[in-house]
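Protein chains get the first letters and strands the later ones, always in sequence-line order, with residue 1 at the start of each. All figures in this text were calculated on a predicted structure; none of them were measured in a lab.
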Amino acid sequence: MNIRTLAEKTPELIDQKVTIQGWVHTRRDHGGVIFIDCRDHTGIVQLVINPENLADFSVAESLRDEYVISATGVVLERGEGLKNPNIPTGSVEISVENIEILNKAETLPIQPFSEQQANEELRLKYRYLDLRRPKMQSMLKKRAQMFSFIRNFMEKEDFIEVSTPILANSSPEGARDFLIPARLHEGKFYALPQAPQQFKQLLMVGGVPRYYQLAACFRDEDPRADRLYGEFYQLDTEMSFVRDGEEVRQMFDPLISSLVTDFAGKELVFDEIPRISYTEAMETYGSDKPDLRYDMKLVDVSDIFSSTEFGVFKNAECIKVIKVENGASLSRKQINNFTEIAKSEGAGGLAYINYENGEAKSPIAKFLSEDELSELKNRLEIKDGDAIFFGADNRKIVNKVLGRLRVEFADYFGLKDENKIALCWVVDFPFYEWDESNKRVDFGHNPFTMPRGGIDALIGAKTDEEKLLIVADQYDMVMNGYEICSGGVRNHNPEVLYKAFGHLGYDEKYVEDKFGAMLNAFKYGAPPHAGCAFGVDRMLMELLGENNIREVIAFPKNGNGVDVMMNSPSIVDEDQLKELGL
RNA sequence: GCGCCCGUAGUGAAGUUGGUCUAUCACGCCUCCCUGUCACGGAGGAGAUCGCCGGUUCGAAUCCGGUCGGGCGCGCCA
C-alpha cells in the first residue's frame, strides 16, 4: 500500500512510487498514450498512461471529466521540451501502473473550470460543483483564515468566547424574527437570535470581563447584494467597565487595520482611522456610511444664494453642491441618467454648471448673478473641465440626493480603487429619530444604548425637538462605504432605561415585560459595559473585492430566501405539525 | 409590497426597427482516427417547441398583455 500523495508534492518525489487520488480534470487521449490531468485540492499533476504499463487499458480509455480516480505509478522528471511551465508540477508526471475508478461522473450541468461562468441560479443549485472552482476553494480557505486571525487577536486581548443560545426569545425591537414553535409549551415560541445582544450584556453582569463570539445571527428580512437572507455571522464583542465608546474603538482599530493589510494585502487609505460624527457624515457626505476612498464633499452654498432671484434656490431651505472633476465631459444623456437618480431620491431636478474654456455653461446660468457665479467658482476651487451639481431643497433631501450622486459619480468615474480600504468610525448617532410614517419619535438604533449625558440628558429633553437632539454613545465602523460594525456604550441603569422608553410613551410595565431578564439582572450590580459587533461576511466580501456577499458563503440562499440546492424551505409531514400543535 | 433590468441547445453568448431563423457561434457531449499532449489535434454527429399562457399579424425569438423564475434597488434591516 502506497502512501497517498498530494499533487503539489509530486515534484519532490522523483523516481518514487506514489498513489494519488483526485478528479479527472482533463483527458487527452492520443489513441495510444493517454494523458490525464489529475486534480486534488492542492493542484494538478499529469498522469501518463501507456498501454504497455497497464493491465487493462480500457479502464483508462473510459475515463471522463470529473471521474474520481486513484492512480498509482512512479513520479518521473519530464524530458527536455516536455515540461509545462504553466503549472507548478509541470516538471514531473506520474507514469501510471494502476488506475482505479472510485466513482463515475455524469456530464456536469455547469462547467466549473470554464472561463464562461454559469449564471448564479445554476451555480447555487449545483453549489458543490461550483465550490470545486479554485476561486471558491480559495474563498473557503480565506474565510477560515480570517476566523483564525480574529480568534488569535481576541484571545491575545483576553476576550473569552462564549456560546450563547440559538433557541432564544423574540425581541420586540429590530428585525423580524424566525419563530420556532415550542413543542413542550403549546402556543409558545422560541426565536432565533437576531444577535446575542441581551446574552452578552448578561455575561457582563455575570462577571465576564471581555466576551466575544463568532456568532450566527438570524433575521427574517429581505436581502441585498451586501446583506444575506436569513443568517449571517458577526464578530460579537462586549467589554465591562467601559464607559466611553472610544475605548472600544481603540481596541479594535489594530484588528481591522491588520485584517486589511496583513490578511487581505490591501492598502489602508488612513494610518489613523478617522472619527466622524453622524452629523458631520450626513452633512459632508450625505450618508452615515461614507466611502472615504474619494473626496467629493458636499459643500454648503446656501449663503451665496441668500438673496438670489432664482426661484428654485430662493425657496430652498438648503443649497449644496458637489464638484465633479472632469464632470464637464458628461454627455447630455449621462446627465439625464443622473437626474433620474436624483429624482428617485426625492429631488425635483438636477441643476448643474459645466466649466469649459473658462466659461460657466449651464441651463440655469442666466438666473445666476455674476457675484454668485464667481463666489461659487472660488469656494469650490473650480478648474476647467469640472462640473458642479446642485441640491436645493430641505436639508434632509439635499443630503440624501447628493450623497447618492456622490456614490454614482464615483462609480462612473472609477474612483473606487479596489486595492484600497478606507476605514472610519461614525460616532454620536442620534438617540432618537423621527419616524415619519407613524409621525412620532422612535429609537434611532437599538434601545440599549446610553445617551450621552446619561439620565440628565433624558430629563432635560421635554419636547420632540429636544428629544431628537439627544446623542447616543453609539458608533459604526465603515469600510469603503459599507457598514461593517455597529456598537455602543450600553445602558446598564434600569432608571435610565425606563426613562428612555418613557419618552416614547412606554410605561415601566412595558419595559419589564419586554426586557425583564435584563432589567432584573441590572438590579444586582451590573458593571458599565460597551461593545460592538462586526459583520464578518460583509467585511470578507469587501476584503476579497467581491461585490456580492453570497460570493463569500459556502451555501447561501437566493434573494427569495430559498436554498435552490436543498429546496428549503419545504413542506413538512402532517405528523410533525400535529406534534407541534399546528 | 413597489420600481428597474434579465430569461434563446447541457453551459455561455449572437440574433429583438416582425419576413431566408429551416435560429448563428464558442465551450461541453457522443462516434471514429491518432503514442508526447498539456485549452492536444483531425473527421463526423446529436442536442433548442427562443421561460410559460394568451393576443396582434398573412407571418412572432422579435410587438402587446398577463404569468412564472432570477438579479439589482426602495420599503424593511444595523
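- Taking every side-chain heavy atom of A:R64 into account, B:U31 is the closest of B:C40, B:U31, B:C77.
- The environment of A:K125 atom NZ is sparse: at most 12 non-hydrogen atoms of other residues, nucleotides or ligands sit within 6.0 angstrom.
- Between A:N119 and B:G12 there is a side-chain N or O to OP1 or OP2 distance below 4.0 Å.
- If you check B:G12, B:U37, B:G70 against the side chain of A:N560, the one that comes closest is B:G70.
- With B:C72, B:G10, B:U35 as the candidates, the nucleotide lying closest to the side chain of A:E52 is B:U35.
- Between A:R78 and B:U37 there is no side-chain polar atom (N or O) within less than 4.0 angstrom of OP1 or OP2.
- The side chain of A:D65 has B:C29 as its nearest neighbour among B:G70, B:C29, B:G36.
- Within the cation-pi definition used here (under 6.0 Å to the ring centroid, within 45° of the axis), A:R132 does not qualify as a partner of A:F113.
- B:U37 has no stacking from A:H30 on its base ring, since the centres under 5.5 angstrom apart and planes within 30 degrees of parallel are not both found.
- Rounding to whole angstrom units, CD of residue A:E61 and P of B:U35 are separated by 11 Å.
- Taking the P atom of each, B:U17 and B:A61 are spaced 14 Å apart, rounded to whole Å.
- When distances are taken from the side chain of A:Q116 to each of B:C30, B:C77, B:A26, the shortest belongs to B:A26.
- Remark: the separation of the C1' atoms in B:G47 and B:G12 is 16 Å, to the nearest Å.
- Remark: A:R27 is not in phosphate contact with B:C40, judged by side-chain N or O atoms under 4.0 Å from OP1 or OP2.
- Across all strands shown, A:E93 has heavy atoms under 4.0 Å from base atoms, whether or not it also approaches the sugar-phosphate.
- Two residues, A:A533 and A:L122, neighbour RNA chain B, and the one matched to the more 5' nucleotide by heavy-atom proximity is A:L122.
- OP1 and OP2 of B:U35 both lie 4.0 Å or more from every side-chain N or O belonging to A:N50.
- Here B:C38 is the nucleotide among B:G71, B:C38, B:C77 with the atom lying nearest to any side-chain atom of A:Q46.
- Which of B:G71, B:C74, B:U35 sits closest to the side chain of A:R550 comes down to B:G71.
- Contact annotation: A:R28 reaches the phosphate of B:C40 (side-chain N/O to OP1 or OP2, under 4.0 Å).
- B:G28 atom C1' lies 10 Å from atom CG of A:L108, rounded to whole Å.
- Rounding to whole angstrom units, CD of residue A:E121 and P of B:G10 are separated by 15 Å.
- Separation of the P atoms belonging to B:C25 and B:A43 is 15 Å when rounded to the nearest angstrom.
- Remark on RNA chain B: of its neighbouring residues A:R176 and A:G90, the 5'-side contact belongs to A:G90, judged by nearest-heavy-atom nucleotide.
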| task | Output, in order, the C-alpha distance, side-chain angles, deciding distance and verdict of ring pair (Phe, Tyr, Trp, His ring centres under 6.0 Å) for A:F448 and A:F515. | result | CA-CA 10 Å; A:F448 310 117; A:F515 309 106; 5.1 Å; yes

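- When the C1' atom of B:C40 is taken as reference, atom NE2 of A:H25 falls 14 Å away, rounded to whole Å.
- Residue A:Y229 contributes atom OH, which lies 13 Å from atom P of B:G70 at whole-angstrom precision.
- With B:C77, B:C72, B:U37 as the candidates, the nucleotide lying closest to the side chain of A:R219 is B:C77.
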